K.L.:
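Got a structure here, written out as structure tokens. Questions coming.
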Amino acid sequence: LLVSKWGVSLDVDFQSIGDQLYCTILPLVGYGSPLRSRHETELDYLMHLQGVVEILDKYDNLDGFVSFIDGTQRVPKRGTDSVPFRLDLSREDYERIMVLRNR
């Protein structure tokens with residue numbers, strides 16, 4: 001989905017801003033790069049993406065995320081811009097995800 005939209009591999013991560021949780025699309029720096037990459041290998045990267053998809057699906061946000069990607073005109077750019085998608089979550093779901101994220 002991300003490669004078909006923007007033509008390159010991109011990273012995706014959850015970010016908490018205030019009491020909102022976003023699934024944010026970020027530029028991907030090469031695997032193992034000390035600059036920003038959190039992924040040592042392509043397998044680490046793919047496993048991370050799978051986990052993101054599972055969370056989006058579990059909390060009924062996957063269809064909304066896909067629709068958002070299809071419709072957005074924003075482009076993630078290294079060091080200047082990310083593309084955030086705000087998750088639609090109950091307070092309980094937000095807290096549950098944050099506990100899992102901070103393990």
Side-chain angles (χ1 to χ4, degrees):
L1 175 67
L2 300 176
V3 172
S4 67
K5 173 73 177 187
W6 287 291
V8 295
S9 296
L10 296 165
D11 203 357
V12 180
D13 200 10
F14 294 104
Q15 295 180 322
S16 178
I17 301 172
D19 63 350
Q20 299 293 318
L21 188 62
Y22 293 83
C23 185
T24 303
I25 302 149
L26 308 155
L28 176 68
V29 176
Y31 309 116
S33 170
L35 297 175
R36 290 181 53 158
S37 181
R38 297 169 296 129
H39 313 291
E40 291 298 319
T41 65
E42 183 178 17
L43 180 59
D44 290 340
Y45 167 67
L46 294 173
M47 290 172 46
H48 170 75
L49 291 181
Q50 180 64 36
V52 169
V53 168
E54 289 174 7
I55 290 171
L56 289 172
D57 185 50
K58 179 176 182 173
Y59 294 98
D60 298 320
N61 277 267
L62 184 57
D63 290 340
F65 180 75
V66 170
S67 294
F68 171 77
I69 297 302
D70 286 340
T72 189
Q73 298 301 311
R74 295 185 68 183
V75 177
K77 297 176 187 166
R78 187 178 340 183
T80 61
D81 205 8
S82 63
V83 179
F85 167 75
R86 187 173 59 84
L87 278 70
D88 182 17
L89 300 168
S90 68
R91 186 76 198 150
E92 295 79 22
D93 287 345
Y94 170 82
E95 290 172 2
R96 193 173 301 125
I97 291 171
M98 293 309 294
V99 166
L100 292 172
R101 185 171 181 261
N102 292 324
R103 281 190 187 174

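None of these values were measured; they are calculated from a predicted model. Quick note: residue numbers are just sequence positions, from 1.
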K.L.:
Nearest heavy-atom pair of L87 and C23: which atoms, and what distance?
P.N.:
CD1-N, 3.3 Å
K.L.:
Using a side-chain heavy atom cutoff under 4.5 Å and only I, L, V, M, F, W and Y, what cluster partners does Y22 have?
P.N.:
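Taking Ile, Leu, Val, Met, Phe, Trp and Tyr as members, Y22 shares its hydrophobic cluster with I17.
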K.L.:
Excluding sequence neighbours, so at least two apart, what forms salt bridge (charged side-chain N to carboxylate O under 4.0 Å, His left out) with R86?
P.N.:
none
K.L.:
Should D11 and H48 be marked as a side chain to side chain contact (heavy atoms under 4.5 Å, CB included) after you check the CA-CA gap, both sets of side-chain angles, and the distance that decides it?
P.N.:
CA-CA 9 Å; D11 203 357; H48 170 75; 3.5 Å; yes
K.L.:
Are the side chains of L26 and P76 in touch, meaning some heavy atoms are under 4.5 Å apart?
P.N.:
no
K.L.:
Can you give me the closest heavy-atom contact between L10 and P27, atom names plus distance?
P.N.:
CD2-CA, 3.8 Å
K.L.:
Quick one: list whatever passes side chain to side chain contact (heavy atoms under 4.5 Å, CB included) with S67, sequence neighbours left out.
P.N.:
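Partners of S67 under the side chain to side chain contact (heavy atoms under 4.5 Å, CB included) test: none.
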K.L.:
Nearest 0.5 Å please: distance from the CD1 atom of I55 over to the CZ atom of R96.
P.N.:
12.0 Å
K.L.:
When you compare the side chain of L2 with that of S9, does any pair of heavy atoms fall below 4.5 Å?
P.N.:
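They are not in contact (no side-chain heavy atoms under 4.5 Å apart), so the answer is no.
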K.L.:
Begin with the C-alpha distance, continue with both residues' side-chain angles, and end with the deciding distance and a verdict on side chain to side chain contact (heavy atoms under 4.5 Å, CB included) for L49 and V12.
P.N.:
CA-CA 7 Å; L49 291 181; V12 180; 4.0 Å; yes
K.L.:
Mark yes when over 12 heavy atoms from residues, nucleotides or ligands other than K5 sit less than 6.0 Å from its NZ; otherwise mark no.
P.N.:
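For K5, atom NZ is crowded (more than 12 foreign heavy atoms under 6.0 Å).
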K.L.:
Just to verify, what does S90 make a side chain to side chain contact (heavy atoms under 4.5 Å, CB included) with, not counting sequence neighbours?
P.N.:
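S90 satisfies side chain to side chain contact (heavy atoms under 4.5 Å, CB included) with E92, D93 only.
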K.L.:
By salt bridge (charged side-chain N to carboxylate O under 4.0 Å, His left out), which residues pair with E54, not counting sequence neighbours?
P.N.:
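E54: no salt bridge (charged side-chain N to carboxylate O under 4.0 Å, His left out) contacts found.
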K.L.:
Taking atom CZ of F85 and atom OG1 of T72, what is their separation to the nearest 0.5 Å?
P.N.:
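Those atoms lie 11.0 Å apart.
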K.L.:
Is there a continuous path of hydrophobic side-chain contacts, each under 4.5 Å between heavy atoms, that joins V3 to L56?
P.N.:
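In one cluster with V3: L56, no.
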K.L.:
Any idea which heavy atoms bring L21 and M98 closest together, and the distance?
P.N.:
CD1-SD, 3.8 Å
K.L.:
Working to the nearest 0.5 angstrom, can you tell me the gap between I69 CD1 and R74 CZ?
P.N.:
11.0 Å
K.L.:
Identify every side-chain donor-acceptor pair in residues 59-66 under 3.5 Å, counting partners at least two apart or on other chains, and give the distances.
P.N.:
from, atom 1, to, atom 2, distance (Å)
N61, OD1, D88, N, 2.8
N61, ND2, Y59, O, 2.6
N61, ND2, D88, O, 3.2

K.L.:
List the steps, then state whether side chain to side chain contact (heavy atoms under 4.5 Å, CB included) holds for V83 with F68.
P.N.:
CA-CA 10 Å; V83 179; F68 171 77; 3.5 Å; yes
